[in-house]
Every structure is written in C-alpha cells, then in structure tokens.
Amino acid sequence: MIERLDALRAEGEHALVGAASAADLEAARVRFLGRKSELTGILRGLKDLPPDERTRVGARANQIRARLESLLAEAESRLQAASRPSSTRDVTLPGRRPPVGHRHLIPSVLRELEEIFRGLGFAVASGPDVEDDWHSFGALNMPKGHPARATTDTFYLRDDVVLRPHTSSVQVRAMEKVKPPLRVISPGRVYRNEAVDATHLFEFHQIEGLYVDENVSMADLKGTLDRFLKQFFGPKTELRFCPSYYPFVEPGAVVDIRCFFCGGKGCGVCGPLSGGWLEVLGAGMVHPNVFKAVGYDPERWTGFAFGAGVERLTMLRHGVPDLRYFFANDVRFLTQF
Ligand code: PHE
C-alpha cells in the first residue's frame, strides 16, 4: 500500500507540475485529488485496515494529499500569471509622437507682420544693432542735447555709439541709400535701459515703417495703418489717432485700438482710465528736417512713418498678461502658440 502511495505521489507531482493549461490541471486534480481518485479511495478505506497499518498508511496518504494540494495551488497561480499579457506593451496602439519644436511666437509674429506689409508694397530692410549717434538721433531731428534723447533710455557703448533704441535708424540708412519714392519696413531688435516688469523689457522688437513719395498725406497713413491693424487684430478693429510728439514727425500721433477684451467699457487689459482704448503704435508725417538730413528735398517729398512694439502687439492679440513670459523659455507657455 505504501509503495502504491509513493507511486501515486510521483505521478501526481509530475502531472501537476507539468500541467500546461487550465484543462490539464483540472484533469490532474480530478485524477489525483478528486472525490473518485485513488488517493481519496485509500483515505476512505483507512477505517477498514488493521490499526497499525491504518496509522502508517494514513500518515503517508495525508502527507501526500497535502503535498499534492500545495502543488495544485502553485500550478493554478502559475497558469493564471501566464494567461495575463506577458508585458504591458500593446503593439496595436498608435505610436507616441516625439515632441517637435516650432518657431517661437515673436519671430513668427515678425514674419506675419512682414507678410502684411509686403502685401502693401513695402520692402523689408535691416541694419546694425550697434548704431552710431547720427542714425539713432542726429538724422532724426534730435541733435546733441535734444531732450527727447533722454526719453529713450539708450544704452551707450561709447560717446557716439549706442545699442539702437529704435529701428528708425534703419530707415535713415535706407533713405541715405536710395532716392524716393520709397516704401520700407524695418523689423528688428531694439534696446532700452528699462527696469524689467510685466510691461517693460530692456531688449525687445519693433517694426517701423516709412513711406516717401510726392503728395503722401495723413490719409495714406491712416489707410495703411487701418489695413495693417485690421489684418493683425481682426476686421472689426476700430482705430483712433491722438496727437502726440515725436521729434522726427510733424504732426505726430499715437494710434489706439478699441479694446477687444471689453469692447471699450474699460477692463483689466485696457485699464480703468483708458476709456477702453489700447495704445498700439506711434506715427506721423516725416519731419522736413529728417528729409534734409538724408538729402531729400523737403519741398518735393512727403512721407509718413510709424513704429510699433512687436511684443506689445503680440501680448494684446493673445491676451498675454506679462511680457516676461515670451523669453522665460517655459515650454508650458511656448507650446500654446
Ligand atoms: N521711433 C518711435 C519709437 O521708437 C516710434 C515712431 C516711429 C513714432 C515713427 C512715430 C513715427 O517709439
């Protein structure tokens, strides 16, 4: 009887350990541990055995049953683990796109502005960031000692050399190079010694424009800016011209647009005192002294000029509350545009 039990144990172990599927395992369970199995039969028949044999056979049979039961449990969990996907990779899922960079908002707005003005017949001009006194101030009706020089908070590198505080300098260079008529815009980086805050940077971008021809009038300026601002801010944009002073134009104006956040009621963007208007650029008719400085005959030629801050235009259009976001290199900000 003991030998038979040992044989059952070997067979049972083999069947349970080797079960390759749930069906195999169930068959092995029925065969070695089921109600009608040989082992169960032996255990049931113990009571008919003589006492000393009953003890020996009983102990061995119970031992074998416990061993087979534990092998059964092991095999069950082994098969269950195997029936789960072997890894979390699902090859049928679409691939993940690697993050791809794109042009920064400010250069992309600069290109957009260039396209708008190209469409109006303007050529794009560029010039040096490090500029001399003449092109920054002298030729623009700001001789040495002129009080307006101080208002630009210019960085001086040497007495007569500055980081350009506006791209008007590029237009002076353009006028020195070509005879009228002339239509140019000068987009580019400018520098001013400002304390940095939400609405001031010491390094930013401007786009300035200049149109020189015979009989250029304020109406041409208004038409050009109306077209430009409607294309940039939307076809419903309303403009307003307010008299203002710049040494290189006469008359000069500040151009406002009706606040498109509140529709002109006054809000956090346009401020409670603005009456619902946002200042977007400076403009005016070119001063005769500027024409004289570059050798154009002020009796014959007339022209208009304007200049706008690119970051300011961009911040207004996109509702960005702080200029510093543009250059903080935070991808959470940059990927929105
Ligand atoms: N150059 C002026 C500035 O930097 C802008 C401007 C240009 C104003 C042309 C009037 C006409 O602020």
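Note that ligands are numbered from 1 as they come in the structure, with each ligand's atoms numbered from 1 the same way. Quick note: residue numbers are just sequence positions, from 1.
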task: May I ask you to list the atoms of ligand 1 that are less than 4.0 angstrom from any heavy atom of Ser168?
output: 1 (N)
Phe117 CZ to Arg227 CZ distance, which is reported to the nearest 0.5 Å: 10.5 Å
query: Do the side chains of Glu26 and Ser21 get nearer than 4.5 Å, heavy atoms only?
result: no
message: Side chain, backbone, both or neither: which applies to Phe248 and ligand 1 if a contact is any heavy-atom pair less than 4.0 Å apart?
response: side chain
Nearest candidate to atom 5 (C) of ligand 1, where distance is taken over non-hydrogen atoms, out of Met285, His166, Glu208: Glu208
statement: for atom 12 (O) of ligand 1, nearest protein heavy atom and its distance come out as Arg192 NH2, 3.7 Å
- prompt: How about Met285 and Pro251: do any of their side-chain heavy atoms sit closer than 4.5 Å?
  reply: yes
- prompt: So, do Phe137 and His146 have ring centers that fall under 6.0 Å from each other?
  reply: no
task: Measure from atom 3 (C) of ligand 1 to every heavy atom in Gln206, Gln171, His287 and give the option owning the shortest one.
output: Gln206
message: Looking at Asp160 and Lys144, is any side-chain nitrogen of the basic one under 4.0 Å from a carboxylate oxygen of the acidic one?
response: yes
- prompt: Can you tell which part of Arg164 has a heavy atom less than 4.0 Å from ligand 1: side chain, backbone, both or neither?
  reply: neither
statement: Checking heavy atoms under 4.0 Å, the part of Ala283 that sits near ligand 1 is backbone
Aromatic ring proximity His104/Phe327, centre distance under 6.0 Å: yes
